[in-house]
Amino acid sequence: MLIVDGVSKVYQSKVREKLWKTTYKEVKAVEDLSFQIEPGKIIGLLGMNGAGKTTTIKMCTTLLEPNSGSITVDGYDAVKDDRKVKSLVNMIAGGERMLYWRLTGRENLNYFGNLYGIKEATLKQRIDLLLKEVGLEDAADTPVEQYSKGMKQRLQIARGLINDPKYLFLDEPTLGLDAPIAKHLRSYVKTLAKEKNKGVLLTSHYIDEVEELCDEVYILDKGRLILHDTPERLTASVFKENSLHIWVPALPNRTQKELEKLLRTYHAKMEIKQSIDLEEIEIIIKTEQEITSSVLALLSNHQLTVLKLVVEQPKLEDAILHLAERRIG
Amino acid sequence: MIGWIRLFLAELKKEHRNMFHSRLVYFSLLIWPVIGFITSYYSFKPFSLNDNSPITRFVPPDHLVLFLLTGYLAYLFFWSLVQSAWQMGYERQSGTLEMIFLTPVHRLALIYGRSFSSLLESVWLFFTFVIMILFIVEGIQVDGWWSFPFAFFILFISAVIWGGFLNAIFLFSRDAGFFYTILDEPMLIFSGVRIPPLAFPIWAKGLALFFPLTYTLHIIRMLVMEAATFIEILPSFTVLLVVLLVLINISAFVIKKAENHMKQTGSMVLF
Amino acid sequence: MLQTAKATFHRNMISMIRAYPWSFFLSHILSGIYTVLFAYFTYTYVFEGVLDSRFSNYAGTNDYLSYVFLGGALFSFAVSTLMNVSRSLITEQREGTLEALLLTPSSRKGYFLGNVTQQITRTLLEFLIILIFAFLLGLQFKHIHFLSAIFIWFCAVIGFFSQALLLGSVMLYFRDTYITQNTLFVTMAFVSGVTFPIGYLPEWVAPLSWMMPLTPALEAFRHSVLEGQGLAASGSQLLHLSFLSFLYLIVGSLGIKKTEKIVVEKIFS
Ligand SMILES: Nc1ncnc2c1ncn2[C@@H]1O[C@H](COP(=O)(O)OP(=O)(O)O)[C@@H](O)[C@H]1O
Ligand SMILES: [Mg+2]
């Protein structure tokens, strides 16, 4: 069990440099955060840019020391027994850093494996296995600088698994990846947790990703935890308001009246926008219930052609704003 | 012409912002040269420095400090430009230079604008040195008050043109560090900063001719150490002008070549 | 620790073979050669070999050229070693691999040990090339006490290595390589007896000379190469050197440990 208990982190950064004088600015990146990761579970950490997700991960992986609070991994303290903790955890970040570009994929894994003190025979086996699992067998002996972005990302994953960590941290792992690769990665993460019994913490700002993978979700805003729930309940409570965009050539008064009446019964809100060239009208309906078919039926009863129809999932930004407002109110 | 001046001024402003508050200036143009100067002064200590010393053939031992100071001062003028040229190399890597090359402005304006402005930034440092020379050191012999501004003028012009040349080179080379190694330290040895070129064997004298600093230093030392009149330095001065003209032409040639190369291959790296 | 050292050695070797740092190599050799050449010019052409009467007293030898040649060669070896080791962590940071390295429970000492042993394969070559050049210009080896020279060289490596750890943590802290390293190098050239015996220096410089491992290393090295003395003759220098090595090793390791943390905080990604 990985236990994060009341952890805070404050960054001090230099703001201005005037010859020999510097002033400091403090940023509270994480404030009084607590959560737990159990083996076999995938935890989602959701938040907008700057919410403190990366900072949290860096603290859990011993790269950063918290200013207050404690992190224990299977009973070891992340600050005092950092070596022990390091061998239990690993982290994979999006992007192309954290690899030696001049070395081949295999050489990279070999180097990191040695830094973890893994015995040679075990290491060799593990490298072969990992290379196969991430689909880099053919590129194993090519220098990383010749890898594509997706290949580098996959090698990152292999590096993150080289010490067979019990807890794995993924910092926006699908950032900038093509959709099929991202999808493959997600299913791989799922097997890691479910079949290999690893505790996984994943940060993201895509709701779908979190919804698909995670057993529990934490939402961070400006360093503070604003919600902790299962993804299902989360989408049911916070993300339930869909918006429905319908484009029609015209909207006669009579139709509009009927539509308003219909929406009132569902407690839905409506907004009407006219395009600049006056050729079409956009109807935006915000609702918590499934009313698409009734609305469409009404429009067709009035002989209106629907030019285009878009159902929008709620955005994380909106949900967080919503939640933050609710907390203040 | 207007474009020339505008770019020149723009470069000046940018250099000013880049350099002025940077600590680097204090280290590279004050602390390091001062330590270097003292080191080379002490490096003469193992040798005999009395009146019978062989060095009297070139410099009287009690003028050695002045000799070294003029040498280092002139060298510093030239050296301060290496750094600005270096920075230009970085700008190429970050892509800002390509933007400049999109403009129709004169390329030479760019390199001399840079060279001139980075020199202006550090001019106060040089003045400190000059004042040190004037008040602390013995052995100054000048023909008249004009000798100082004139020496300064010569130094300034040759340094700017040298800096422009470096800018042109660094702009288009993959490995500026390599050119630096080739150009900078030999300049320190062969152009007579620390030892008089007259003492060199013939091949080294030949090498010295390739460094504009040699000519500049020669004139400056004539002006402030030997009380040379204008007529006396005229021949050396003419040679210096020719050398500088050649250097300008080489810089222009390099730029032209590099720009052609860039148009063909899309790469700014020429060598 | 040894596993880390071995792996790091191996990793650096591969990188070096794939992309040989020619310009570093060349510029180190050239600046050593320039020092040698400059001394030769000054001695031969300017002063025609006429030395100050105190020189042999201060230097322990009459052979000015050999004295300075050894100084120049060992100085540039010291500079190479200091630079390579001290810059290694900051290079990791610039190339984005520092975090991956710090994620592992590996020993930092092992990491540096691997680095320094690998880089010695290169710097030793630089050193030898400079010595060969100096030999052509008149460096005398006829008295050399070979074994003790090698032992002293080895102690010098340890000294430079320890100093590099300290330098590295200072650099990491200020996230600057250029200013810090060059300031150290010009100071070393001034105070360590590279081109002139430190006896000529004013009193107040003595503490600075004393702080540089290069100072005792050079004295001892000259004893063994120029005067052919065994280790016993350099006892006090070796003691001095070991003391400095020990001190810098402790302070440097602590410094690296501290600054590592600071640096990770400063990484924005
Ligand atoms: N090295 C740093 N120095 C100063 N402030 C930082 C640093 N890293 C992050 N921050 C600040 O801390 C906050 C949290 O950042 P981060 O943990 O990276 O957020 P996220 O990963 O959720 O985008 C942000 O306001 C960010 O600006
Ligand atoms: Mg982040």
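So that the names make sense, note that chain A is the first sequence line, chain B the second, and so on, each numbered from 1. A quick note: this is a predicted structure, and the numbers were derived from the prediction, not measured.
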(request) Decide side-chain contact (heavy atoms from CB on, under 4.5 Å) for C/Phe196 and B/Phe44; before the verdict, give the C-alpha distance in whole Å, the side-chain angles of both, and the deciding distance to 0.1 Å. (result) CA-CA 8 Å; C/Phe196 56 91; B/Phe44 282 118; over 6 Å; no
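- Per-residue heavy-atom pair counts under 4.5 Å with chain B were compared for C/Thr183, C/Val191, C/Leu26, and the maximum is reached by C/Thr183.
- Using cut-offs of 30° and 60° for the angle between ring planes, the C/Phe41 and B/Phe190 rings count as perpendicular.
- Contacts from residues 28-38 of chain C to chain B, taken as heavy-atom pairs separated by less than 4.5 Å, involve C/Leu30, C/Ser31, C/Tyr34, C/Leu37, C/Phe38 in sequence order.
- C/Thr195 approaches B/Pro46 most closely through the heavy-atom pair O-CG, 4.2 Å.
- B/Pro196 and C/Val46 make their closest contact through CD-CG2, 4.4 Å (heavy atoms, listed as atom of the first residue, atom of the second, distance).
- Nearest heavy-atom pair, C/Val186 versus B/Ile35, reported as atom, atom and distance to 0.1 Å: O-CG2, 3.6 Å.
- Between B/Trp32 and C/Tyr178, the gap from one ring centroid to the other is short of 6.0 Å.
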(request) Give the intermediate values and the outcome of side-chain contact (heavy atoms from CB on, under 4.5 Å) for residues B/Ser48 and C/Phe47. (result) CA-CA 8 Å; B/Ser48 159; C/Phe47 287 97; 5.6 Å; no
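- When the shell of 6.0 Å around CZ of C/Phe141 is examined, it contains more than 12 heavy atoms from other residues, nucleotides or ligands.
- Annotation for C/Tyr173: atom OH does not count as buried by contact number, only 12 or fewer foreign heavy atoms lying within 6.0 Å.
- Of all the heavy atoms in B/Lys45 and C/Asp52, the pair that sits closest is O-CB, 3.4 Å.
- Proximity to chain B (any heavy atom under 4.5 Å) is shown, for C/Tyr43, by both the backbone and the side chain.
- With sequence neighbours left out, the side chain to side chain donor-acceptor pair (under 3.5 Å) criterion links B/Arg194 to no other residue.
- Looking only at side-chain heavy atoms (C-beta outward), B/Tyr42 and C/Pro202 come within less than 4.5 Å of each other.
- With a 4.5 Å cut-off on non-hydrogen atoms, B/Ser43 touches chain C through its backbone and its side chain both.
- Within 6.0 Å of the CH2 atom in B/Trp203, the count of heavy atoms belonging to other residues, nucleotides or ligands exceeds 12.
- The ring of B/Phe47 has its center no closer than 6.0 angstrom to the ring center of C/Phe55.
- Other residues, nucleotides and ligands place more than 12 heavy atoms under 6.0 Å from the OH atom of C/Tyr200.
- Between chain C and the options B/Ser53, B/Pro201, B/Gly36, the largest number of non-hydrogen pairs under 4.5 Å is found for B/Pro201.
- With a threshold of 4.5 angstrom between heavy atoms, B/Ile55 approaches chain C through its backbone and through its side chain.
- Note: B/Ala199 leads B/Ser40, B/Ala204, B/Ala199 in heavy-atom pairs under 4.5 Å with chain C.
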